[in-house]
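Accompanying notes for the structure given below.
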Amino acid sequence: MGRANSTITDAIAVWVLVSTSGASCRKAPDPELERGDALFQGAVPLSARIVGHDQDLPRDTARCSNCHPAQALRARQPTSVASASPVETFGPVLSRASLTLPAPRRGGPQSLYDQAAFCTLLAGGIDPAHVMIPQTMPRYRLAAQDCQALWTYVTSL
Amino acid sequence: MDLRHLALKSSDTGLGRRAFVAGVAGALVHAAVPAFAHNSAGAVTPPQRPPEVALTFDDEQASTLTAALAGHVSALQLMFTSCQATCPIQGALFAESARKLGDQAKSAQLLSISIDPGHDTPAALREWLKRFGPSPLWRAARPNKDQLDPLVAFLKSKTSGPDPHTAQAYFFNRQGALVLRSVDFPPAADIVRVLTQLSKLP
């Protein structure tokens with residue numbers, strides 16, 4: 001009986017230790033990352049329009065996640081598009097690696113993104129190699145802090 | 001795509017089909033070159049009749065593309081309801097076009113044809129229209145799956161990317177013949193202008 005009590009006490013002690021150390025290691029929420037996530041998923045609306053149009057797109061049609069499968073999102077939520085569906089993803093996967101490693105893009109020379117290049121592309125459709133992206137991607141009007149939040153989010157993936 | 005000067009040419013001068021086609025070609029060549037070399041945007045001369053395609057509309061009505069086009073001036077797009085990328089924008093543009101059309105062109109209609117007929121039931125098509133704002137001027141349909149490929153080939157809408165259709169609009173005259181392929185995502189105002197001009201032709 002005494003040995004059993006000792007075992008239970010030890011187990012509780014271990015549980016408390018693990019729980020406490022887990023809590024101390026847990027990161028505090030990053031407001032910028034959360035803002036970027038919300039912008040990316042469309043929880044916070046984005047102002048965007050197609051080149052040559054005189055009206056902004058409806059909120060649901062302009063969210064980044066419609067076309068760009070964020071790696072983390074894809075891991076969390078396997079695609080809901082059935083195999084019978086003609087398409088799974090449309091835009092390139094965005095991640096720290098895909099954006100910040102040098103690579104040839106759209107037939108241009110090797111290039112890579114930093115935050116400024118990312119924001120330039122979102123606003124005007126010009127990539128870091130000065131190649132125009134397709135017209136099918138809307139152009140976005142973002143406050144500087146929102147573009148920074150989006151950059152923080154996509155480079156966290 | 002900016003078809004504004006096209007609309008002005010036809011409406012202000014009362015020129016006929018030849019001037020309309022010339023204006024369309026000029027507008028689209030100017031607009032299309034920088035963005036989408038793979039799109040065959042521009043005027044279709046002479047106008048071409050589409051292949052026969054059996055359709056089932058969102059209201060469960062069975063018909064054919066020929067019958068649906070006859071007597072109307074039409075803007076047609078290809079889409080599918082589970083598409084998350086281009087199709088929501090296409091839907092928003094057709095919904096806005098329907099709102100802008102009002103009674104400007106009484107014979108005008110907008111048709112969204114699914115390229116995923118196995119999945120897009122009439123109920124799914126109704127829900128898709130409802131998402132953007134239904135209109136009596138705008139209908140959706142799924143084609144007979146065996147007749148889809150000839151239609152996509154006729155429209156020259158097939159793409160090699162992961163999204164296998166373009167985001168163009170295809171304009172048909174009152175005789176049901178294709179007269180114009182737009183660039184991707186034509187503005188709603190331009191869709192309305194083209195339909196209005198087409199409706200003034202015999």
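Lettering follows sequence order; numbering is per chain, from 1. In this text, all values refer to a predicted model and were calculated from it rather than measured experimentally.
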For the pair A/E32 and A/R35, find out whether any cationic side-chain nitrogen is under 4.0 Å from an anionic carboxylate oxygen. no
Considering only heavy atoms, give the residues of residues 48-61 of chain B separated from chain A by less than 4.5 Å, sorted numerically, with 'none' for an empty result. none
Flag for B/T81-B/D120: side-chain donor and acceptor within less than 3.5 Å: yes
With distance as the sole criterion, is a donor-acceptor pair present between the side chains of B/Q168 and B/S182 under 3.5 Å? no
Could you tell me how the ring of A/F118 sits relative to the ring of A/Y113: parallel (under 30°), tilted (30 to 60°) or perpendicular (over 60°)? perpendicular
Once the angle between the rings of B/W138 and B/W128 is folded into 0 to 90°, is it parallel (under 30°), tilted (30 to 60°) or perpendicular (over 60°)? perpendicular
Ring pair (Phe, Tyr, Trp, His ring centres under 6.0 Å) partners for A/Y140, two or more places apart: none
